[in-house]
Number of protein chains: 2
Amino acid sequence: MTRPGTRSGTTMNDVAAAAGVSQATVSLVLNEAAGTRFSEETRRRVHAAAHELGYRTNAHAKVLRDGVAGMIGFVGDFVATAPFAGKIIEGAQARAWEAGLLLLTVNTGGDKDLEAASLEAMLSYKVAGVVYAAMYHRVLDVPDVLAEVPAVVLNSRDRSGRFPSIAPQEELGGYTATKRLLDAGHRRIAMINIGAADAALPAAVGRHAGYLRALREHGLDADPRLHKIGDGNESGGFDNAVALMTGPQPPTALFCGNDRTAWGAYQALSQLGLSVPNDVSVVGFDNQETLAPHLRPGLTTLELPFLEMGRRAIELLLAGADRDGSTEYFECPLVERHSVAAPPEIAGNK
Amino acid sequence: MTRPGTRSGTTMNDVAAAAGVSQATVSLVLNEAAGTRFSEETRRRVHAAAHELGYRTNAHAKVLRDGVAGMIGFVGDFVATAPFAGKIIEGAQARAWEAGLLLLTVNTGGDKDLEAASLEAMLSYKVAGVVYAAMYHRVLDVPDVLAEVPAVVLNSRDRSGRFPSIAPQEELGGYTATKRLLDAGHRRIAMINIGAADAALPAAVGRHAGYLRALREHGLDADPRLHKIGDGNESGGFDNAVALMTGPQPPTALFCGNDRTAWGAYQALSQLGLSVPNDVSVVGFDNQETLAPHLRPGLTTLELPFLEMGRRAIELLLAGADRDGSTEYFECPLVERHSVAAPPEIAGNK
DNA sequence: CGGGGTTGCTAATTCGTATAACCCAGTCCC
DNA sequence: GGGACTGGGTTATACGAATTAGCAACCCCG
């Protein structure tokens, strides 16, 4: 029900006419411009007319004149299954809003044509900057066109080193996870990774490197047979957990490259009649909200600080200017639940 | 590296100067305006100059002149944990893009002030319409300001009946799920709901109504003790499944109000030493991508057609005009996996 | 009573694009 | 040889808001 007087086409000229003043007066009064004096009576009339007519400023006219828009572009290659996509966007949007900016989001799904076209559109809209976000941590090539505007790479690293990047501290995360298990007394700790650690997958490489460093610091030699390559999914966790636990010298603890993998491991252990954490301890990675707290027992895992990363991306954009192409790393804090205990030989004290 | 000649400030006037023609000529040539004739030579020079200077149209100037922007507002109350939020947005964005429109998204998290403010901002940007999306299916109050622009309510229904709404066909979904179990031979079928069926929660009410109708059509009386109220989460599924299976006359099949609930039920059945589907059949609801296919065995469930719903919302907006406030319901197709079998007394054939 | 200061407001211009209106030089036709 | 086309452009204006420069009217003061 569009009430009369609430028509979206009301302009400053309409308000001016209604208030019996000039358009300039309306602009100056409504924007409370500094250094101008208007009588109380005039101000009142302007505000009354504006309210009466349902005046709303035309953002495009404003942008056209002032040069820069109150929008930030957010381009992601997310697929909908990425459970944390929302977190990143939520963080980014919240921070943008604090600065009075809206987010123009596009989900490219990896389609390069769509990506190019939407970047063009965003630049046409004179966005104040662009966040180029990746679904999973990797090294990627950023479209050249982004050089025309402040840009930040989120959850990945820019190969060319032209843009500031934001990424999680994978190595420290892997170290923390493994150390947690070592501190609980475990010595045979397997890792089920989310991909080959020699591929260009910083999450797999880094988490594994941290795993190795923790073992080394405890004077342990890493047994290569305890490093399994999964697929980052439930089935990779399941299959590798079965292989590990039914093989010779099974581990007493599993460090899983992500929570989905850990879930698969849980299901495998359950089928093998092994209990978490009494028989086998498990640590995950990601702290996936829909998964980690609901596993039985609750999964001890590392949190990917996506909310903060999203916020920080906008922050960098706003700070703007002379940022170099360096990468800012975010720490992944340990989230303690109930999937880690002492290994059986210690707990059982036989 | 902003190359010279790629400055974002290039306007049509710059192109015109470079090509030695008027600004009007540039506009007419670049837009391939109908009914105008220019020599091949002129066209060539204009295109060359535009390319050389890296000209990009200023969308704001265009909108200012043409009146309507190539953007659609998308306001959601999602929390990041909503696993399907991405699906809805993906569908909406894809359809919008096909029409050459970008999505201006805001995640309000239920904050009414933020909601009001961002709607104001969107209207300032002269969006072609607004999709007002809800995280879960309910009846809600739409902000009055949306009356000023084409608007569609997504995954909920507008209480006032002013806006067209799009929602899933909950009742039919509940019917289909239950019928699947009846057809497999089950007669004692429990439902673990995702909330009280008398609350203003169409998902709970509708799915339960469908459950009752299916039973009735098969000439069965619904046993009220087999209808449990969960919390829509894993724990609700777990607790109620334990209660049902350890009580008198346990059911042979569980219809769970959503997949998370079904997951809880799986965990409970596993702990009770009961096998899915040999001892107990399970049907879920939502077809949550991160869950249903990865459960063991894969969960038979109903798909919430969020992608299509998102697409349809944009479609309605574009069709625009004289839509009334009626609700369009989307069918939830059955996704067959491996959690349904004949009940033991039949399968065992004793 | 004339000059300077203050109060309260307006006229005019700018941003970049689209388009309606018009203009000029040739050509054709009768 | 004059009117009617036609091809190939240009000029001028509008869109809506912000802002600079300036203009009347009044007051005060010497």
Side-chain angles (χ1 to χ4, degrees), chain A residues 7-47 49-50 53-70 100 120-121 123-128, chain B residues 7-47 49-50 53-70 100 120-121 123-128:
Chain A
R7 306 179 50 75
S8 70
T10 312
T11 86
M12 269 197 179
N13 282 302
D14 301 337
V15 175
V21 298
S22 73
Q23 175 263 326
T25 299
V26 175
S27 174
L28 293 171
V29 167
L30 290 185
N31 292 319
E32 296 171 347
T36 58
R37 330 74 13 139
F38 289 98
S39 66
E40 269 315 308
E41 166 62 11
T42 299
R43 305 183 110 86
R44 205 192 48 68
R45 285 219 313 281
V46 168
H47 280 117
L53 297 176
Y55 171 73
R56 177 158 32 233
T57 189
N58 181 322
H60 298 286
K62 187 180 238 154
V63 171
L64 177 57
R65 187 163 200 290
D66 299 356
V68 92
E120 281 298 315
L123 293 181
S124 278
Y125 277 110
K126 305 291 174 199
V127 290
Chain B
R7 305 180 50 75
S8 69
T10 311
T11 84
M12 270 197 180
N13 281 302
D14 301 336
V15 176
V21 298
S22 72
Q23 175 263 324
T25 299
V26 176
S27 174
L28 294 171
V29 167
L30 291 184
N31 292 320
E32 295 171 347
T36 58
R37 1 353 87 116
F38 290 99
S39 67
E40 269 315 309
E41 166 62 11
T42 298
R43 305 183 109 86
R44 203 193 49 68
R45 284 220 313 281
V46 168
H47 281 117
L53 297 175
Y55 171 73
R56 178 158 33 232
T57 187
N58 180 323
H60 299 286
K62 186 180 229 142
V63 172
L64 177 57
R65 187 166 200 289
D66 297 355
V68 93
E120 280 298 315
L123 293 181
S124 277
Y125 276 109
K126 304 289 173 201
V127 290

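Chain identifiers are assigned alphabetically (A, B, ...) following the order of the sequence lines, protein sequences preceding nucleic acid strands; residue numbering begins at 1 within each chain. Reckoned from all heavy atoms, side chains included, excluding hydrogens, waters and symmetry mates.
- The phosphate of D/dT10 (OP1 or OP2) has a side-chain N or O of B/Thr25 nearer than 4.0 angstrom.
- Here A/Asn13 does not reach the OP1 or OP2 of D/dG16: none of its side-chain N or O atoms lies under 4.0 Å away.
- Listed pair A/Lys62 / D/dG16 fails the phosphate criterion, with no side-chain N or O lying under 4.0 Å from OP1 or OP2.
- Counting any heavy atom pair closer than 4.0 Å across all strands shown, A/Val21 reaches sugar-phosphate atoms only and no base atom.
- Between A/Arg37 atom CZ and D/dG22 atom P the separation is 15 Å, expressed in whole Å.
- Of the residues near DNA chain C, A/Asp66 and A/Ser22, the one whose nearest nucleotide (by heavy atom distance) lies more toward the 5' end is A/Ser22.
- Whole-Å rounding puts the A/Arg65 CZ to C/dT17 C1' distance at 17 Å.
- The distance between atom CG of A/Leu28 and atom P of C/dT7, rounded to the nearest whole Å, is 17 Å.
- Contact annotation for A/Thr36: no contact, since no heavy-atom pair falls under 4.0 Å across all strands.
- Within a 6.0 Å radius of CD in A/Glu32, other residues, nucleotides and ligands contribute 12 heavy atoms or fewer.
- Side-chain N/O atoms of A/Tyr125 include none lying less than 4.0 angstrom from OP1 or OP2 on C/dG16.
- When distances are taken from the side chain of A/Leu64 to each of D/dC15, D/dG9, C/dC15, the shortest belongs to C/dC15.
- Taking the side-chain contact (heavy atoms from CB on, under 4.5 Å) definition, one finds that A/Ala121 meets it with B/Leu102, sequence neighbours left out.
- Using a 4.5 Å heavy-atom cutoff, the side chains of A/Phe38 and A/Thr25 are in contact.
- When side chains are defined from C-beta on, A/Tyr125 does not count as touching A/Val63, because their heavy atoms never get closer than 4.5 Å.
- Across the protein-nucleic acid pair, B/His60 atom NE2 and C/dT17 atom P stand 12 Å apart, rounded to whole Å.
- The nearest heavy atom of DNA chain D to B/Ala61 and to B/Gln23 marks one nucleotide each, and the one closer to the 5' end goes with B/Gln23.
- Within the 4.0 Å cut-off from OP1 or OP2 of D/dG9, at least one side-chain nitrogen or oxygen of B/Ser39 is found.
- The side chain of A/Met12 sits closest to D/dA17 out of D/dA17, D/dC15, C/dT10.
- In the set D/dA18, D/dA12, C/dA18, D/dA12 carries the atom at the smallest distance from any side-chain atom of B/Ala24.
- For B/Arg45 and D/dG8, the CZ to C1' distance is 12 Å, given to the nearest whole Å.
- Taking side-chain N and O atoms only, A/Thr11 has no distance below 4.0 Å to OP1 or OP2 of D/dG16.
- Contact check, B/Tyr55 against C/dG16: no side-chain N or O comes under 4.0 Å of OP1 or OP2.
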